[in-house]
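The structure appears right after this line, and notes come after that.
When reading the values below, keep in mind they use all heavy atoms of this one structure, side chains included, and skip hydrogens, waters and symmetry mates. Predicted model, so just to flag it, every value in this text is computed and none were measured. In what follows, chains are A, B, ... by sequence order, proteins preceding strands, each numbered from 1.
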Amino acid sequence: MATASDFPPRAQAAMAAVASRPASHQRLGEAFWTGLAGLFTLLALIPLLLVIGYVLYRGASRLDFEAFVSLPPMPLAEGGGFANALVGTVVMVAIGAAVSVPFGILAAIYLSEFSSGAVARWIRFATNVLSGVPSILMGVFIYGIFVVTTRSFSAIAGGFALAVLMLPILVRTTDESLQIVPVSLRWAALGMGASKLQTVVRVVLPAALPAIATGITLAVARAAGETAPLIFTALFSQYWARGLWEPTASLSVLIYNFAAVPYAGQRSLAWAASLILVLTVLLASILARWVTRK
Amino acid sequence: MQEPTRSDLPSPAQVSWPILSTENLSIYYGDFLALRDVTMAIPERKITALIGPSGCGKSTLLRCFNRLNDLIDGFRIQGQVFYYKQDLYGETVDAVQVRRRIGMVFQQPNPFPKSIYDNIAFGARALGLQVDLDELVERSLRQAVLWDEVKDKLKTNGLELSGGQQQRLCIARAISIKPDVILMDEPCASLDPISTLKIEELLRDLAQEYTIVTVTHNMQQASRIADFTAFFNAQADEKGKRSGYLVEYGTTDQIFQDPQEEATRRYVSGQFG
């Protein structure tokens, strides 16, 4: 068998070139930049870990059974809970989702499947603008057209404000999920004599469903944590709301109201509520990832 | 009765009742002329192969036959395309009905992300056909020579099959609605040689019942399976834009053994393309 030295000079040079260690300054540079990138990744993760850790530390002690079943405490009282706020958040997010999910998904289906290029560009642009509008403006907007007309803060108004907030997120994520469905699938369905509508309903939508579900979950998680739109629309209440047309408590507004007061009972409850919100968002994200992977 | 051999076939120009035909057909995408002035007739229940180098417009022509090009922005035609004697681009023509009769199989196997059963049943369900779906699924899979391999797992997702099986699933899906014509856009291009042979055998069987028009880059394949072959070439205009045109069309034996045009002779003997 030929040894390395039997090969012609051209091959010798090639072998030497691939076998030589990288120069030490190259290796050093490599290590430096890798280390730096790793360090900044860690730094970027610190806020997340601190937030979760600190909320867990401050909130866990008050996360007892009473917190889930009682009304918020009066300023100097001990104990109490956020039962009405928890229910309020769930109700308003549900109203928001019930209003925005059909609109958002149908709008995205139109955008991705039926609209022409120019129209779609403008609608996408408008959606992006809407998603960039500060959420407090959504609150003021619904206050102006809804709360003022009905003369009452209410869960309905809060739900609508959240719906406006969720709408652009839903349109965007659904639009994107529909667009990544391969063209070949649409052609396969159309090529079999399926109509455009059948193609969308029977082939494209089912294929995009996991991604759409993720979008809905993320929009719900985002809405659950919003405070600003609710301050102007649902306000807050120490008591159970007697209906959807009454001022309604929510977890986020409870945190806003109680976190910076001088009363220890209310402050600790605000931390417990924060923990619930963080866990909800976390769970929703995990759920969304899990659904997408399936 | 002895089957007629391929050399007995008349030239396609002599076929009196072509199922598909074009009359001075030119195809544009926007300002770009993709295919120029094609007149050809495709006989019933035969396999017709469209061959030629990349960019010669053969796939474009294929998609004209079931109006799938309609979905591409800027597409328009000059001239005419006929299904029997009906102008496919006539004003009253329903493209959905056209595609129901003129089915298609694509280069990349593209089963729906559904079960094998639902893949086959899709067409019948979409068209609202009142048929026994179980029977339809079995018959289609048998015709596509896939039944024995999948009969015990009809509920599994079509995407879990191998590439060759997926392509046969797509063929089964296409024939489930009993089209008159099956258009195939390089059906074997993404398959291994063994799957390719299976599909070629299948096409020969299907040609007893269906008209098949297939685009292929593989000349051996064309010579193995096609009754008729049309050779397309591309030519650059003065601005360097390449348009396709039909060079020569005849029985496969004639195209491969006795081509009349120099370009055809060079292409089928592997000297270019």
Indicate the atoms forming the closest heavy-atom contact of A:V203 with B:F122, along with that distance.
-> CG2-CE1, 3.4 Å

Please indicate whether B:K114 has more than 12 foreign heavy atoms, meaning atoms of other residues, nucleotides or ligands, lying under 6.0 Å from its NZ.
-> yes

Heavy-atom closest pair, residues A:A188 and B:R173 | CB-NH2, 3.3 Å

Measure the spacing between CH2 of A:W187 and CD1 of B:I72 and express it to the nearest 0.5 Å.
-> 4.0 Å

Rounded distance [0.5 Å steps], CZ in B:R100 versus OG in A:S195 | 14.0 Å

Heavy-atom neighbours of B:F32 CZ exceed 12 at 6.0 Å = yes

For B:P179, is it the side chain, the backbone, both or neither that has a heavy atom under 4.5 Å from a heavy atom of chain A?
-> neither

Residues, nucleotides or ligands: over 12 heavy atoms within 6.0 Å of B:R76 CZ = yes

Are B:M104 and A:M192 close enough that some pair of their side-chain heavy atoms sits under 4.5 Å apart?
-> no

Non-hydrogen atoms of chain A under 4.5 Å away: do they reach the side chain of B:F106, the backbone, both or neither?
-> side chain

Please report the closest heavy-atom contact between B:L127 and A:Q198, naming both atoms and the distance.
-> N-NE2, 4.4 Å

Smallest separation among heavy atoms of B:N110 and A:L185, with atom names | O-CD2, 3.8 Å

Could you tell me whether B:Q97 atom CD has more than 12 heavy atoms of other residues or ligands within 6.0 Å of it?
-> yes

Is the CG atom of B:D132 crowded by more than 12 outside heavy atoms at less than 6.0 Å?
-> yes

Shortest non-hydrogen separation from A:R202 to B:R125 and the atoms involved = NH1-CB, 3.4 Å

Proximal component of B:I102, with respect to chain A [non-hydrogen, under 4.5 Å] | backbone

A:F68 atom CZ, over 12 foreign heavy atoms within 6.0 Å = yes

